[in-house]
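Below is one structure; the comments refer to it alone.
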Amino acid sequence: MAQDIITIFHGPQHPGITGNMSVELDLLGETIKRAETHVGYLHRGFEKMIERRTVLQAFTIVCRICVPEPDPNEENFARGVEELMGLEVPEKAKWLRTMVLEMARLQAQMLWFAGQGGSLGHYISPQWAVADRDLILDLFEELTGGRVYHMYITPGGVRRDLPEGFLGRLGHFLDYLESRLPEYDNMLLRNPVFLERARGVGIIDPATAREYGVVGPNLRACGFMNDIRKDEPYEMYGEVDFIVPTETSGDVYGRAMVRRAEIEQSISILRQIIRRMPAEKEIMAVLPKNHRKWEVPKGDTLVKTESARGEYSYYMVGDGTDKLRRVQVKGPSAVHAITLLEEMLVDSQLSDVAMIMNSLGTNPPEIER
Amino acid sequence: MLFTIFNSLLAVLLTYSMGMLYYGFYRIGNARIHRRVGPPLWQNVIDNIKLFAKREAPGHGIMFHLGPVIMTAGTITSMLFVPFLKDSAWLQGFSSYGNLILLIYLMVVGPLGNALAVGVSGVPFGVMGVTRGLTRLIGLEVPFFLSVALLMSGSGTISISEIMMAQDSFSNWNMMAHPAAFIVSLFSFVGMMGASPFDVVGAPVEVYSGPQAEFGGKYLGFLAAQRVMFSMVKLILWVDLFLGGATNVFILMAKSFALFFFYFIVGAAFPRFKTEQAVDFMLKLPLIIGIGAVLVRFWSL
Amino acid sequence: MKIDIKGIWGALSSLKYLFQPPGTLRYPDVKKEAADGYRGFHDNDLSKCIGCGMCEDICMNLAIDMVKPKSEAYLNAKNGSGLIPRLDYGRCCWCSLCTDVCPVNSLKLTKNYVYVSEDMNRFIYTPGEEKLGKREKETVK
Amino acid sequence: MVSALAVFFLGTHKIIRELLSIVSLALLTGLLLMRIVSPVSDDFTWQYMPGFFTLSFSLSSFGLLFALIAAISGLLKSFASWGINSKGYHALFHLMMGGLMILLSAGDYISFFLGWEIMTWSSFMLFNNFSSADDPIEKSQDTGFLFITLSLISALLMLGVLFFLYNRTGSMNIADGVAWLHGVKGLPSWIPGLLLMSAFFLKSGLLPFHVWVPGTYREAPHTFTAFLSAALSKVGIYAFILFFLPFSLNEGSGQISYLIAWIGAITATVATFKAIEQNDMKGLLAYSSIGQMAYVFTAMAVGSSLAMGGALFQMVNHSLIKLLLFFIVAGIIERTGKTRFDQLGGLIYKMPFSFIGVLVGIIALAGMPPLSGFYGKWMIYTSLIEKGWLLVLTGIVLPSTAAFIYCYKLIYGIFLGHPTEVNPEEAKEISPRYRVPSGLLMASIVLLGLFPGLILKPVNVLLSDLGMETLALTSQGSLNAASGSVSGFMVMNVFGGVFAVILILLSLFGKKAPTRNLHRLDIAYAGELPTEQTPLHYGRGLGHEVKRVAIAGAIVKRSLTEKYMKIGNQLGGILEHVRGFYPGNGQVSLIMTMVGAAAVALLIGLKG
């Protein structure tokens with residue numbers, strides 16, 4: 001067998017993505033002739049685990065489906081259960097949920113930022129971004145008791161009320177982050193080398209985006225306005241003002257700019273939340289006392305949340321017992337990092353693989369939930 | 001002869017300790033830019049000693065064994081053909097037997113050994129790194145050759161010592177006398193030192209881990225040691241050629257540290273180019289400046 | 001050929017942090033205090049624990065077993081079952097459901113979260129009987 | 001030149017056995033060497049149509065150098081191809097040698113042209129009839145067509161110019177024509193000069209006439225390719241020196257020398273990037289030959305003593321290196337039957353001798369110290385700097401740096417990496433008949449690296465014959481120029497010494513930290529386990545990306561060959577006619593052609 005091509009593996013441990021995932025590449029020189037994604041390094045059978053647990057027990061593990069941004073899972077699960085059981089969530093809990101979701105989006109974008117710089121060998125960006133993300137995690141720690149996995153948004157409400165002075169500290173942090181943003185721009189997003197690398201690479205054209213069902217910032221970078229927060233507002237998103245940034249280039253740079261603009265939008269949303277946070281104490285709906293008594297009525301529901309990577313949906317079926325009959329989790333990465341990536345990588349270069357993967361916001365655990 | 005050998009040993013020791021010091025600073029400085037505390041200044045030495053203290057090293061036969069040897073020998077040989085000081089019998093090595101063109105080519109011999117060892121190890125990632133390195137070399141050497149050719153033709157000699165001697169006062173430093181050549185050479189300098197944006201060769205992200213993927217233990221120890229020494233050789237070469245040389249070790253350190261600092265800030269501030277972008281860049285801006293300088297120089301003739 | 005002077009200058013401007021103090025802690029010397037609500041190791045106020053086993057029931061990781069204490073002295077008068085919870089930190093995910101359901105608020109999470117031991121069995125731990133965070137001697141640097 | 005003719009007849013009529021071939025070539029070499037030791041004038045004239053003109057033969061010092069290169073190459077080649085060739089092959093080869101000798105010792109146009117044509121036609125038949133290509137008929141038609149077309153064009157150009165010169169000077173002597181050519185300033189001398197130069201460029205494969213080289217080299221019998229590269233490509237240089245060297249020294253011809261220098265640099269660049277792109281060993285070496293020859297022309301255009309010395313050094317070096325590399329490649333092809341980089345790989349520990357041979361070859365080819373290749377380059381670079389042609393210098397630094405890639409590709413593709421189609425368990429070292437000449441060549445490359453001054457003595461003789469200043473020779477181990485010197489002896493010793501010290505150091509560590517040799521598949525592979533079937537050999541891909549670099553891409557994408565073929569097809573009718581001359585039997589058509597050419601020559605000459 002004459003060997004025109006060589007086969008190498010990119011990953012599974014890799015700065016391009018948060019989580020373990022490998023791409024098998026056939027290369028001629030450094031040009032990719034075939035790409036095949038290998039997932040399964042993180043498979044833990046979450047859907048089955050949820051089906052074996054009571055609702056209350058199950059809510060603590062859904063956050064683990066997505067490491068960089070766990071809260072949309074909790075939100076989806078909680079909202080789905082509430083819809084099935086017909087629970088009424090107090091308004092303050094809704095505000096708190098919105099706040100947590102936006103904080104989570106903010107820290108997920110910071111983590112993306114870290115990867116985007118790191119995948120180009122620009123080691124300031126990961127260090128800065130992760131350091132600033134840690135400040136959000138500090139706030140999370142205060143609010144929820146956990147830094148990464150919060151287990152905060154529970155069916156029926158949220159688990160804890162705001163600590164003393166929390167909103168003030170959040171406001172301080174937002175001011176700090178806003179002052180840092182121009183520095184981030186200077187460091188990476190306006191860096192001439194970054195522009196050279198990112199422009200015109202990893203292009204998703206609008207037709208492909210539609211065909212593959214691309215969502216979130218990746219779709220918005222192709223010129224489509226698509227955001228669950230606007231299209232089907234949940235929690236308090238109908239109450240706050242924000243815009244959905246779009247770009248038209250569809251390349252790595254376009255996606256970076258969309259995410260960069262979303263950081264600003266998140267800051268603005270969080271400021272509005274701070275201003276409008278109600279003072280009341282009620283944060284939980286009236287719930288059965290024993291967790292074994294949480295009987296989910298028959299019925300099914302599809303709940304969607306806009307995560308930092310796009311539409312994140314749960315399809316949930318209740319069958320009248322205390323356990324859910326079926327839960328189907330659909331994260332955006334399954335589209336982006338499997339089907340689309342395999343297509344996008346063909347004829348691109350090995351040097352760009354990590355950058356493209358990161359710009360798609362790939363997150364393997366939500367592929368193999 | 002004995003004096004020369006003693007001098008050679010001295011040169012090796014000096015470059016090793018200078019290099020370890022500079023790269024210790026490099027790590028701390030980078031950490032500060034990253035807003036970290038960073039490792040202690042002697043962390044590189046610790047790492048190096050640790051590598052030599054490993055119980056065993058993976059190998060792939062005799063050629064793999066010889067690779068780091070050729071690499072280190074190439075580095076030290078080039079070091080010995082660079083005069084460190086002017087107006088001094090010390091630290092001259094064998095520089096009177098060689099010249100600048102020889103040195104430029106000697107600097108490629110070491111990497112050849114490395115490339116052979118990488119090739120024989122059969123790691124595709126390593127060979128990719130080597131190929132990138134060789135491709136990048138096109139971009140680095142052409143502007144560099146143009147700039148040193150300007151120097152050599154300007155001073156009428158190809159001997160490093162004589163080029164260094166000719167720069168007797170600050171205004172006669174070649175960076176003042178031939179500013180265009182100096183600027184052009186700085187681009188190559190950043191690339192040759194392996195700083196971003198020209199460091200895609202050993203990029204841990206863009207390819208698994210660059211040419212040195214398969215080396216470990218004592219081999220990696222030798223490679224790490226030669227890397228800092230090689231960097232020092234380049235720094236000293238630039239001091240000799242453009243910064244007026246040095247009459248004693250302290251001036252040498254001051255001047256080379258200034259250059260090192262330049263390398264450090266450029267490397268810290270930018271992401272890396274892809275190989276062909278690096279070469280294209282080098283064959284555009286620096287080459288145009290260089291050609292402009294040549295034309296300016298010979299238009300008047 | 002366009003040279004992006006502004007971009008280059010912008011990129012270099014991030015180097016000003018070279019002359020500023022680092023933002024991180026000198027970790028082993030300066031330690032960060034966890035927030036008040038932090039979900040760290042468990043603590044069980046044995047003077048309150050009634051041995052009801054709610055925590056064992058709700059734990060979906062089966063990390064909690066109800067066991068007999070080493071000494072009767074650990075049991076209070078209200079403890080009906082004569083058992084207290086024992087945790088397996090190989091399984092625990094610190095979701096804090098056990099503390100939420102505790103009817104007498106005897107089981108709590110503390111702010112301690114650092115513990116190192118080379119002995120795997122040490123991670124099976126009975127809160128109240130022993131204090132995990134206090135075994136500084138075994139903490140390996 | 002009696003010896004030349006002797007070989008000529010010996011070759012055409014008698015040779016059946018290999019031994020005779022070698023003996024005759026050895027005889028020729030010996031005779032040539034004797035010329036050096038005792039410079040006997042054996043000028044030889046032959047009255048043709050008494051009173052009208054004479055065929056005169058005399059071997060100048062330059063001719064002697066080239067004749068020596070050719071004779072030694074031929075000798076080694078004959079040794080290497082021991083027992084694998086038919087009778088016709090030998091006959092043609094010796095015919096070609098004879099032609100070459102006639103050419104090199106020619107004193108007048110007729111014998112020059114005669115030698116030129118004999119050489120061209122016999123070499124054409126050699127590679128066409130004894131092709132090594134997989135599918136000789138299919139492949140060789142294009143290659144042969146190209147070769148013969150270009151050769152004819154060059155022959156016609158040359159013929160025209162020669163008789164134009166005869167017309168002007170009224171003398172058949174080359175020296176007179178050259179004198180006239182240099183005497184006349186301006187356009188009248190430029191046009192014939194340029195036409196003649198094109199003919200010589202064609203022979204050496206310079207841009208834009210290089211298109212015949214790769215195909216021919218690829219398809220010629222393996223050892224004959226070595227000879228083609230080592231000796232025949234030098235003929236263009238000889239002719240160039242004969243006709244133009246004093247011309248380029250002339251102060252008034254600055255622009256034209258500069259032009260030639262740039263043609264050399266551009267040829268080298270194009271050839272180098274094309275070489276990187278090649279996937280078969282001989283194709284790579286063929287383009288590399290074009291590139292190396294181009295340096296020689298650039299150096300000759302500079303025209304200083306140092307540059308001439310560099311040119312000659314480079315030329316001698318190139319002969320040694322290419323003989324070595326082609327011999328080893330021939331040996332590998334013979335052993336494995338594979339020619340491409342994606343079919344070979346991982347042979348280093350099975351073919352250590354070949355590996356060392358190729359290593360020596362590529363170090364010298366890339367021009368790295370401490371081997372001989374560096375010193376030729378050093379002289380060329382230094383002369384360019386002294387002359388102030390810095391842009392030309394940049395122009396040749398670009399290809400000589402890019403040459404590292406194909407050098408590495410050559411050694412990696414064959415010896416390193418992973419085996420692909422050749423099972424390394426079954427691979428055997430190349431046969432001794434390749435090993436012996438390769439060993440000699442390696443020794444001489446190392447020797448020249450150690451004592452680069454060795455070449456200066458003969459070079460100085462040549463330079464003084466040309467009326468140029470001789471080069472300073474202080475010791476055998478060093479080279480000197482006005483602006484600096486280099487000591488090959490010291491470089492080699494310092495490198496060797498340091499190498500030895502470090503090797504000992506590493507071995508000392510070896511006791512405490514032994515090397516654990518791994519299986520070749522036990523490598524860092526991103527956590528996966530490669531199997532025997534996993535494609536891991538980078539031989540094809542190496543250098544594939546170079547064409548993403550703008551300049552290289554522009555070169556690699558364009559193919560002059562295709563353009564020529566297009567023109568050729570348009571002129572098809574005429575050229576097909578020319579091809580009709582060639583009835584299949586080599587000798588007959590050769591004789592016919594020569595007779596025809598001589599007749600044409602006579603006719604034109606009589607009219608003039």
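Note on naming: letters A, B, ... go to the chains in the order of the sequence lines (proteins, then strands), and numbering restarts at 1 for each one. Keep in mind it's a predicted model, so treat the numbers as computed, not measured.
Taking the six-membered ring where tryptophan is involved, the planes of B:Tyr105 and D:Phe374 are tilted, since the angle between them lies from 30° to 60°. Using the six-membered ring where Trp is involved, B:Phe222 and B:Phe52 have ring planes that are perpendicular, over 60° apart on the 30 and 60° scheme.
Residues D:Thr515 and B:Lys218 are in side-chain contact: their nearest non-hydrogen atoms beyond the backbone lie under 4.5 Å apart. Side chains of B:Leu150 and D:Leu390 form a contact here, defined as non-hydrogen atoms less than 4.5 Å apart.
The contact between D:Leu359 and chain B is made entirely by side chain atoms (from C-beta outward), counting heavy-atom distances below 4.5 Å. Heavy-atom distances place the backbone of D:Ala366, and not its side chain, under 4.5 Å from chain B. Of the atoms belonging to D:Arg520, it is backbone heavy atoms, and not side-chain ones, that fall under 4.5 Å from chain B. Using a 4.5 Å cut-off between heavy atoms, D:Ile363 contacts chain B through its side chain alone, with no backbone atom that close. In this structure, chain B has heavy atoms under 4.5 Å from both the backbone and the side chain of D:Leu503.
B:Thr75 and B:Gln226 share a donor-acceptor pair across their side chains, judged by distance under 3.5 Å alone. A side-chain donor-acceptor contact under 3.5 Å links B:Thr157 and B:Glu162.
For residues 530-549 of chain D, the ring-ring contact (aromatic ring centres under 6.0 Å, His included) pairs, not counting sequence neighbours, are D:Tyr412-D:His537.
The two atoms that bring B:Ser153 and B:Arg297 nearest to each other are OG-NH2, 3.0 Å, heavy atoms only. Among all heavy-atom pairs drawn from D:Ala402 and D:Phe273, the shortest one is CB-CE2, 3.9 Å.
For residues 347-354 of chain D, the interface with chain B (any heavy-atom pair closer than 4.5 Å) comprises D:Ile348, D:Tyr349, sorted by residue number. At a heavy-atom separation below 4.5 angstrom, chain B is approached by D:Met490, D:Val491, D:Val494, D:Phe495 within residues 489-496 of chain D.
Not less than 6.0 angstrom separates the ring centroid of B:Phe198 from the ring centroid of B:Phe187.
Taking B:Arg136 as the reference, nothing meets the salt bridge (charged side-chain N to carboxylate O under 4.0 Å, His left out) condition, with sequence neighbours excluded.
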